[in-house]
Amino acid sequence: MSNIFGNASHDTLNPKQTEAVTLPPSNALILAGAGSGKTRVLVHRIAYLINHYGFSPYSILAVTFTNKAAQEMRHRIENLVGQNLWVGTFHGIAHRLLRMHWEQAHLNENFQVIDSEDQLRLIKRLLKEFNLDEKQTPPKSIQHFINAQKDEGRRADQIIYPNSYSHTRSDRHSDSRFDTETFIQIYKAYEALCEKSHLIDFADLLLKSYELFKFNPDLLTQYQDRFKALLVDEFQDTNRIQYLWLKILAGPKTSLLVVCDDDQSIYGWRGARVGNIAEFQKDFAPVKLIKLEQNYRSTQTILNAANYLIAHNTERLGKTLFSEDKTGNPISLFSAFNELEEAHFIASQIKQAHSQGTYQLQDFAVLYRSNAQSRVLEEALLMAGLNYRVYGGVRFFERSEIKTALAYCRLVFLREDDAAFERIINTPSRAIGEKTQSLIRDEAKLLNISLWAAALNLLKNNQLPGRASLALQNFIYLIEKLDREIQDQALYDQVEHIIKYSGLIDFYQTDDPSKAESRLENLGELVSAARTFMPENSEFDLKPSLQNFLSHAVLESGEGVESNTNQDAVQLMTVHASKGLEFPWVFISGLEEDLFPSRSSTSLVSPDNQSRLEEERRLMYVGMTRAMKNLSLTYAESRRLYGESIRHIPSRFLSEIPKNLIQVIRHKNMIRPAHSA
DNA sequence: GTTAAGGCATTTTTT
DNA sequence: ATGCCTTAAC
């Protein structure tokens, strides 16, 4: 398993690391290769600023991308300097700023954050209002459009018409059938709806907090003066708005240190701009550049292979990893007849190595390009009697029963929350059908009020048939009753009470018997989560309130599959999900053209072609550099995909690794599993 | 208001 | 092949 302390076993910093840590306060770019100890450098840098330059922890801000990275950094900083300073994700920090300055940000005090599922629901509702057909105008494409605009820092009225957005992301949906003007209109309506409902989506957290600074110069100055040092992790993954946010926040006296690895930029497809690195060097000149190229993770063989592979990319800053470790085992390569044999091979290799006692199961990771590949691998591991754990399922706070329960909490907390209203108005079913709901929506639209207020209006004016009226009355009564009952209760009592009296327990007990058990269990866990909930970061005097708990649920939705976490098990995940981790023995499977590199990165006729392929190559590079001792590569000549067998040729990436580093494993007397129907 | 049948897409994922 | 979601029929 990956060691959360990275290479903490090395007690001293190497010369390059030392140079980065002890720089005088100034702008710096740390180009940190895989396994070169970048988190360690960041943490030591913070300690150095405090201990050597006398910076107050209060004047330092460290930004990461994931909650996991933020937690780890917070933990390590506390170990080193024992101080509680401001560390968080871009979104987490933006959220906190908006909570603190909600008035200046033109927000409601009780605003709620919505996730992309809620966002999509709102968009679907708008499409209905616009009388647009979902087939002709897919809600997903609208969602993508809106998020891409916000990620670029543009409001609906700032869009440079036409097609100003098409260069950033995949433009599958930007052909003439979809009229940009319509998209902009929906974007506008969506903004209005969010404002009315006091809701804010992920992208808007950043955009709104950027605007908060932009339109409140006094506040901005206050923060610019406060932050003497800004540190950013995984800078290659920043998008436009995140860059703008950093740029506006960094004042004349702020020194900005960013850590990045352009060779590990694998999120271009969701808006990350590697170009921010060059822009940073220009905007923040002079920028001190330091390269960390010594790797503490892998054997030199693995690094050589990875170096040769990545050298095929043209868009690079340039960096070559080296290790003090011995050469190590050659990289093994296995060619299978089909995906079943491939899986069987991997399972038997693991079984064999494991039985010799050198490795635990958790020392093995099996990586793949797409999630669909995991099933065959799981079956093979199961057959071999090996425990495994698949990363990346539906996360706790994203499960439907959890989201429904939270929607009750949200509506109880804030009646204007239309997203919550729509989710629970008829769950469990209480005879408020499409007809009634549509009447409520019309009323809300007409008077520009929330769905809740619209429902009250319809009841007051007797505009509903008797049955519907009664049902709606009961629903409203239920929410108001819950609200009254939870006053003055502690958070966990509130959550427990709402779940208990919302009718959800009965509903999930009978709704789908196969899922009933796990759903009820999850609802129980939600109460436990509320019981143990304690907001991070004491500086802001956060209490375990319902509001804070709801924000936490959206912004930190937690690990995927939490079961069997403590069991020794083989780790299965996509190459993307493996970023930042390390394993003694890594398998990368499905190394075939059209799979890895993916079909869309090679076959699309677009000017983007080259960079798409380079991103795939970086992905391969990320996968390879996860390996500490052994790296095994596999591919299948034929693979069942989408119901039919397809022949594939070996991935070009295999031929980009020098032959002398590879040992080809021959088919021994292996049983070839036949394809089943 | 619930269930069956047909349509459809299907890299990667965080917040 | 499969799962998800809209639509059509009880």
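In what follows, chains carry the letters A, B, and so on, assigned in the order in which the sequence lines appear, proteins first and then strands, with residues in each chain numbered from 1.
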Of the options [options], whose atoms approach the side-chain atoms of [X] most closely?
X	options	value
A/Ser600	B/dT13, B/dT11, B/dT14	B/dT11
A/Arg369	B/dT11, B/dT15, B/dG1	B/dT11
A/Glu134	C/dT6, B/dT12, B/dG1	C/dT6
A/Thr89	B/dT13, B/dT11, B/dT15	B/dT15

Just the table, please: protein N/O against nucleotides 2-8 of chain B N/O, every pair under 3.5 Å.
residue, atom, partner, partner atom, Å
B/dT2, OP1, A/Ser429, OG, 3.1

**Asked** Hey, does the side chain of A/Arg395 come within less than 4.0 Å of B/dT14's phosphate (OP1/OP2), counting only N and O?
**Response**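 Checking B/dT14 against A/Arg395, a side-chain N or O does come within under 4.0 Å of OP1 or OP2.
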**Message:** Taking 4.0 Å as the cut-off, does a side-chain nitrogen or oxygen of A/Arg599 come that near to OP1 or OP2 on B/dT10?
**Reply:** no
Main chain of [Y], side chain of [X]: is a donor-acceptor contact present, judged purely on distance under 3.5 Å?
X	Y	result
A/Gln149	A/Arg155	no
A/Glu342	A/Phe337	no
A/Ser197	A/Leu193	yes
A/Arg74	A/Val87	yes

Sugar-phosphate only, base, or nothing, as touched by [X] at under 4.0 Å among non-hydrogen atoms:
X	answer
A/Lys124	sugar-phosphate
A/Asp115	nothing
A/Ala203	nothing
A/Asn371	sugar-phosphate
A/Thr574	sugar-phosphate
A/Arg375	sugar-phosphate
A/Tyr642	base

**Prompt:** Hey, is A/Trp269 stacking on B/dT12? Ring centres under 5.5 Å, planes under 30°.
**Reply:** yes
**Cationic N near anionic O, under 4.0 Å, A/Lys208 to A/Glu211** =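 Answer for the salt bridge query: no.
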**Item:** Residue mapping more 5' on DNA chain B - nearest nucleotide basis, A/Ala431 or A/Glu615
**Value:**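 Counting from the 5' end, the first nearest nucleotide belongs to A/Ala431.
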Could you tell me the separation between the [atom1] atom of [X] and the [atom2] atom of [N], rounded to a whole number of Å?
X	N	atom1	atom2	value
A/Arg121	C/dT6	CZ	P	10 Å
A/Leu581	B/dT14	CG	P	12 Å
A/Leu120	C/dT6	CG	C1'	14 Å
A/Met620	B/dT11	CE	P	20 Å
A/Glu434	C/dA8	CD	C1'	16 Å
A/Phe202	B/dT13	CZ	P	16 Å
A/His91	B/dT13	NE2	C1'	12 Å
A/Asp151	B/dT13	CG	C1'	13 Å

**Message:** Distance alone, cut at 3.5 Å: any donor-acceptor contact between the side chains of A/Tyr267 and A/Asn239?
**Reply:**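 No, because no side-chain N or O of A/Tyr267 sits under 3.5 Å from a partner of the opposite role on A/Asn239.
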**Message:** Nearest 0.5 Å, please: how far is CG in A/Leu122 from CD in A/Gln143?
**Reply:** 10.0 Å
**Item:** A/Glu592: salt bridge (Lys or Arg N to Asp or Glu O under 4.0 Å) partners, not counting sequence neighbours
**Value:** A/Arg639
